[in-house]
**Student:** 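The structure that follows is given in the form of structure tokens.
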Amino acid sequence: MIETKVRYEFTDVNLKISNVTPREAEESYVLIRVSDEDNEIVFALSHEKAEYLENELYEANRRWKEHSSSSIQNVKDDADEQILSHHHDQFSD
């Protein structure tokens, strides 16, 4: 058996969620389209998989925001420390 693994990386893409069928429908699914100028990938997900993806995206963004805010605070703390150190050096002779 020949096994092939492929990895695609797209940047600057359009992401569209469409054709969500009602949950009562016999074949209910969520359709996600990812496209750029020349390519399109379509995912048909069950509602359970779509909820899992939603939770994963939420957590990834929460961690990013948490990291971003702590990085900004660290930069601010470093700048404040440098200012205090500079003023301390001026008056410590």
**Student:** Carefully, step by step, assess Asn55 and Leu57 under the rule side chain to side chain contact (heavy atoms under 4.5 Å, CB included).
**Tutor:** CA-CA 5 Å; Asn55 290 333; Leu57 290 169; over 6 Å; no
**Student:** Only counting residues at least two apart or in another chain, list the ones meeting side-chain hydrogen bond (donor to acceptor under 3.5 Å, both in side chains) with Glu40.
**Tutor:**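 Result, side-chain hydrogen bond (donor to acceptor under 3.5 Å, both in side chains) vs Glu40: Arg33.
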**Student:** Test Val30 against Phe43 for side chain to side chain contact (heavy atoms under 4.5 Å, CB included), laying out the working first.
**Tutor:** CA-CA 8 Å; Val30 175; Phe43 298 94; over 6 Å; no
**Student:** Under the rule for side-chain hydrogen bond (donor to acceptor under 3.5 Å, both in side chains), what residues qualify as partners of Asn39, not counting sequence neighbours?
**Tutor:** Asp36
**Student:** Side chain to side chain contact (heavy atoms under 4.5 Å, CB included), that's the test. Do Glu3 and Lys5 meet it? Break it down for me.
**Tutor:** CA-CA 7 Å; Glu3 185 176 318; Lys5 292 186 179 186; 3.2 Å; yes
**Student:** Rounded to the nearest 0.5 Å, how far apart are CG of Asp12 and CD of Glu37?
**Tutor:**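 One finds 8.0 Å between CG of Asp12 and CD of Glu37.
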**Student:** When Arg63 is tested against each of His67, Glu66, Glu59 for side chain to side chain contact (heavy atoms under 4.5 Å, CB included), which residue passes?
**Tutor:** Glu59
**Student:** Is any side-chain heavy atom of Ile32 closer than 4.5 Å to a side-chain heavy atom of Leu53?
**Tutor:** yes
**Student:** After noting the C-alpha distance and the side-chain angles of Leu31 and Val42, does the key distance pass the side chain to side chain contact (heavy atoms under 4.5 Å, CB included) rule?
**Tutor:** CA-CA 7 Å; Leu31 194 66; Val42 178; 3.2 Å; yes
**Student:** What is the distance from atom CD of Glu54 to atom CG of Leu45, rounded to the nearest 0.5 Å?
**Tutor:** 12.0 Å
**Student:** Indicate if Val6 and Val34 have the same hydrophobic cluster label, given that clusters are the connected sets of ILVMFWY residues with side-chain heavy-atom separations under 4.5 angstrom.
**Tutor:**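 The answer is yes; both residues are in one hydrophobic cluster.
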**Student:** Residues in side-chain hydrogen bond (donor to acceptor under 3.5 Å, both in side chains) with Glu9, at least two apart?
**Tutor:** Arg7
**Student:** Check whether Tyr29 and Tyr52 end up in the same hydrophobic cluster, where Ile, Leu, Val, Met, Phe, Trp and Tyr are linked by side-chain heavy atoms less than 4.5 Å apart.
**Tutor:**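 No; Tyr52 is not reachable from Tyr29 via cluster members.
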